[in-house]
Asker: 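So that we are looking at the same thing, I have put the structure below in structure tokens.
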Amino acid sequence: MTVSADWSFYWPVLWDYRQLLVDGFVTTLYIFLISTVLSVFFGMILGFMKSSKSVPLRFVAVIYTEINRNTPLVVKLFFLYFGLGMDAYSAAVVGLAINQSAYMADVFQSCIEAVPSGQIEAAQSGGLSSYQMSRYVVLPQALRICIPPMTSQVLEVLKNSSVVMALAVPELMFQTQQIEVLSYRGFEAATAGTVLYLTAGLIISWLASLVERLVRPVASEA
């Protein structure tokens, strides 16, 4: 394939198709937010299960995480969409949540086990139930510890959301492909998509850093 010597970029095409970019970006954020909430929730539960003294709970959590970490995201998306008959949006959200919760489970497990054992023993000697100890002693400290590694996992949800274009979900990557088909300006469209992903990722990182700075004084006083 040869490129014409008089080829030039045409950036106004992004303004011409701005609505496609806006719609795609909004859809990406929608899928990202719901998938993140679900993956954090299930990852937290799995983290507690993997840290549990119960062998059956640990076994179930380990099997879940190993299966998900060793199968591609697109395979899970196709299984949910074609195999279970979910609609594209539901398959996208559930697939992303299932996929990333396996990795978040390891993060939560490490953070839970990083809580000083002396505090857990003090809670037990104080007569707290297992639920109370997890709710008031372990979880608050584990959440503070896991902010940096969890930020990386949340960013992975954002980046992996581009894979759901395989289900024809009109998210950002899908819409950039549509712009290329309509205008033959693939580089400009891909550049716009990259900038939007980068912007969202930087905002997420900044918010995570802000939260970490806010909770740090609380952690030092505890």
Asker: Provide the full list of salt bridge (Lys or Arg N to Asp or Glu O under 4.0 Å) pairs with a residue in residues 166-180, sequence neighbours left out, each pair given once.
Answerer: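 Every pair satisfying salt bridge (Lys or Arg N to Asp or Glu O under 4.0 Å) with a residue in residues 166-180: there are none.
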Asker: About how many Å separate CG of Leu155 and OH of Tyr197, when rounded to the nearest 0.5 Å?
Answerer: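 Between atom OH of Tyr197 and atom CG of Leu155 there are 13.0 Å.
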Asker: For the CE atom on Met173, are there more than 12 heavy atoms of other groups (residues, nucleotides or ligands in this structure) within a distance under 6.0 Å?
Answerer: no
Asker: Tell me the closest heavy-atom pair linking Gly193 and Thr176, and the distance in Å.
Answerer: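 Looks like CA-CG2, 4.1 Å.
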Asker: Donor-acceptor pair, distance only, cut-off 3.5 Å: does the side chain of Lys76 make one with the backbone of Asn99?
Answerer: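 No; judged by distance alone, with no hydrogens or angles, the pair does not exist.
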Asker: Check the hydrophobic clustering (I, L, V, M, F, W, Y; side-chain heavy atoms under 4.5 Å; chains of links allowed) and say if Tyr17 and Leu21 are grouped together.
Answerer: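 Tyr17 and Leu21: one cluster.
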Asker: For Leu158 versus Gly201, what's the shortest heavy-atom pair and its separation?
Answerer: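 Where Leu158 meets Gly201 most closely, the heavy atoms are CD2-N, 3.7 Å.
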Asker: Do the side chain of Ser39 and the main chain of Thr36 share a donor and acceptor less than 3.5 angstrom apart?
Answerer: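 Yes; at least one donor-acceptor contact below 3.5 Å.
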Asker: For Tyr81 and Val164, run side chain to side chain contact (heavy atoms under 4.5 Å, CB included): C-alpha distance rounded to whole Å, both residues' side-chain angles, the deciding distance at 0.1 Å, then the answer.
Answerer: CA-CA 11 Å; Tyr81 183 68; Val164 305; over 6 Å; no
Asker: Less than 4.5 Å apart, side chain to side chain, heavy atoms only: is that true for Ile98 and Phe42?
Answerer: no
Asker: What distance separates Leu207 CG from Ile147 CD1, expressed to the nearest 0.5 Å?
Answerer: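 Result: 12.0 Å between the selected atoms.
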Asker: Who passes side chain to side chain donor-acceptor pair (under 3.5 Å) against Tyr64, sequence neighbours left out?
Answerer: Ser101
Asker: Give a yes or no on whether the backbone of Lys159 and the side-chain of Ser162 come within a donor-acceptor separation of less than 3.5 Å.
Answerer: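 Yes, because the side chain of Ser162 sits within donor-acceptor range (under 3.5 Å) of the backbone of Lys159.
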Asker: Counting neighbours of CZ on Phe41 that are heavy atoms of other residues, nucleotides or ligands and sit closer than 6.0 Å, is the number greater than 12?
Answerer: no
Asker: Between Ser90 (side chain only) and Met86 (backbone N and O only), is there a donor and an acceptor less than 3.5 Å apart?
Answerer: no
Asker: Is there a donor-acceptor contact under 3.5 Å from the side chain of Glu188 to the main chain of Tyr10?
Answerer: yes
Asker: Decide if atom CZ of Phe174 counts as having more than 12 heavy atoms of other residues, nucleotides or ligands within a radius under 6.0 Å.
Answerer: yes
Asker: For the rings on Phe108 and Phe48, is their centre-to-centre separation under 6.0 Å?
Answerer: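 Aromatic pair excluded; centres sit 6.0 Å or further apart.
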Asker: Of all the heavy-atom pairs spanning Ser54 and Ser52, show the shortest one and how long it is.
Answerer: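 Of all heavy-atom pairs spanning Ser54 and Ser52, the closest is N-OG, 2.9 Å.
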Asker: Could you tell me whether the side chain of Arg58 and the main chain of Lys53 form a donor-acceptor pair under 3.5 Å?
Answerer: yes
Asker: Working to the nearest 0.5 Å, report the span between CG of Leu198 and CD1 of Ile203.
Answerer: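 The CD1 atom of Ile203 is 10.0 Å from CG of Leu198, to the nearest 0.5 Å.
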Asker: Should Met104 and Val157 be marked as a side chain to side chain contact (heavy atoms under 4.5 Å, CB included) after you check the CA-CA gap, both sets of side-chain angles, and the distance that decides it?
Answerer: CA-CA 11 Å; Met104 291 185 178; Val157 179; 4.2 Å; yes
Asker: For Gln100 and Glu156, which I'm curious about, is there any donor-acceptor pair between the side chains at under 3.5 Å?
Answerer: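 No, no side-chain donor-acceptor pair sits under 3.5 Å.
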